[in-house]
2 protein chains.
Amino acid sequence: MVTAFEALADPTRRRILDLLRERPRLVGELVDLLQISQPLVSKHLRVLREVGLVRVRQDAQRRWYELRPEPLAEINTWLEPYRQLWEARYDRLEDVLQELQEEERKHGKT
Amino acid sequence: MVTAFEALADPTRRRILDLLRERPRLVGELVDLLQISQPLVSKHLRVLREVGLVRVRQDAQRRWYELRPEPLAEINTWLEPYRQLWEARYDRLEDVLQELQEEERKHGKT
DNA sequence: TCTGTATATGCCTTGACAGTTATATAACCA
DNA sequence: TGGTTATATAACTGTCAAGGCATATACAGA
């Protein structure tokens with residue numbers, strides 16, 4: 001596990017980030033909200049920590065996990081050159097139509 | 001494997017997409033460029049096909065693989081609310097400084 | 001029809017990771 | 001100090017995907 005891409009592949013981790021977007025949270029809060037075991041939450045948080053997507057503030061025995069969105073900029077950068085492409089193609093319906101035709105040809109040959 | 005997020009987790013697949021961004025390519029071309037086995041390329045292409053990130057045009061025995069950037073819009077949408085956050089924090093150096101201090105405190109206590 | 005070319009698929013092994021349970025660590029409180 | 005709370009980690013299991021090898025499929029040309 002190295003990049004933010006891998007970290008985002010897991011849907012649970014995406015949910016954790018979404019929850020931290022509202023405000024920092026304790027591990028226990030996340031356990032309640034996600035309905036999964038505490039060790040599992042801690043593991044996902046460790047992965048997110050390692051790629052820099054969250055940081056921890058310790059407060060006695062409690063640990064506040066806080067979002068650090070900067071690594072997402074890496075993904076945004078990778079995405080950039082594609083953005084223009086899909087925007088440019090929004091008005092072209094031919095793709096969809098042609099695909100429907102091909103599906104028809106393949107499956108509909110009863 | 002379901003979403004574009006999972007598809008992008010693999011660096012080889014990201015490379016394939018980058019190559020297809022220039023122009024459509026034959027499977028054989030990708031094999032040469034990526035320096036990996038033909039079956040493996042075909043398998044990655046299958047994953048990309050299943051999430052709709054590429055499409056195929058058949059030309060005799062050859063298959064032209066072509067980029068279909070639309071599913072990336074899903075990722076872009078997910079990213080959207082985060083974008084403002086990291087942009088808002090670009091000018092705050094305190095984060096970095098505080099982190100350096102904490103590292104210092106932890107490891108530098110010789 | 002046979003042969004070569006281009007690509008896909010099946011089977012297998014290995015490694016990584018999600019998830020669980022049990023336990024360790026660490027700080028607070030009585 | 002002992003007990004309790006909050007979180008992390010270790011050990012384990014099951015699953016799934018990457019990658020390799022062998023083979024099937026599909027088409028073209030002779």
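Note that the coordinates shown come from a computational prediction; the quantities given were computed from them, not determined experimentally. Residue numbers start from 1 in every chain, and the chains themselves are labelled A, B, ... in the order their sequence lines are given, proteins ahead of strands.
- In this structure, A/Leu48 CG and A/Arg14 CZ are separated by 11.5 Å, a value rounded to the nearest 0.5 Å.
- Residue A/Arg13 contributes atom CZ, which lies 12 Å from atom C1' of C/dA16 at whole-angstrom precision.
- Side-chain contact check for A/Phe5 versus B/Asp10: every heavy-atom pair is 4.5 Å or farther apart.
- In this structure, B/Trp64 atom CH2 and C/dT7 atom C1' are separated by 14 Å, rounded to whole Å.
- Rounded to the nearest 0.5 angstrom, A/Arg13 CZ and A/Glu6 CD are separated by 9.5 Å.
- For the pair A/Arg14 CZ and C/dA18 C1', the interatomic distance rounds to 14 Å; values are reported in whole Å.
- Once rounded to the nearest 0.5 Å, the distance linking CD1 of B/Ile16 with CG of B/Leu33 reads 10.5 Å.
- Across the protein-nucleic acid pair, B/His44 atom NE2 and D/dA18 atom C1' stand 7 Å apart, rounded to whole Å.
- A residue-by-residue look at A/Arg46 and A/Arg62 shows that A/Arg62 has its nearest nucleotide of DNA chain D further toward the 5' end.
- Residue B/Tyr65 has no polar side-chain atom (N or O) positioned under 4.0 Å from OP1 or OP2 of C/dA6.
- Across the protein-nucleic acid pair, B/Ile16 atom CD1 and D/dG19 atom C1' stand 13 Å apart, rounded to whole Å.
- One can place CG of B/Asp32 at 10 Å from P of C/dA6, the figure rounded to the nearest angstrom.
- Residue contacts shown for A/Leu45 are absent, as no nucleic acid heavy atom lies under 4.0 Å away.
- Atom CZ in B/Arg25 sits roughly 17 Å away from atom C1' in C/dA6 (whole-Å rounding).
- Following rounding to the nearest Å, B/Leu34 (CG) and D/dA18 (C1') show an atom-to-atom distance of 14 Å.
- A/Tyr65 does not carry A/Arg55 over the face of its six-membered ring by the limits of under 6.0 Å from the centre and within 45° of the normal.
- Side-chain atoms of A/Glu22 never come within 3.5 Å of backbone atoms of A/Leu19 as a donor-acceptor pair (strictly under, hydrogens ignored).
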Verdict with reasoning, B/Lys43 to B/Gln38, per side chain to side chain contact (heavy atoms under 4.5 Å, CB included): CA-CA 9 Å; B/Lys43 281 182 195 175; B/Gln38 175 266 312; over 6 Å; no
Contact state string [nucleotides 20-30 of chain C, B base, S sugar-phosphate only, - no protein heavy atom under 4.0 Å]: BBB----BS--
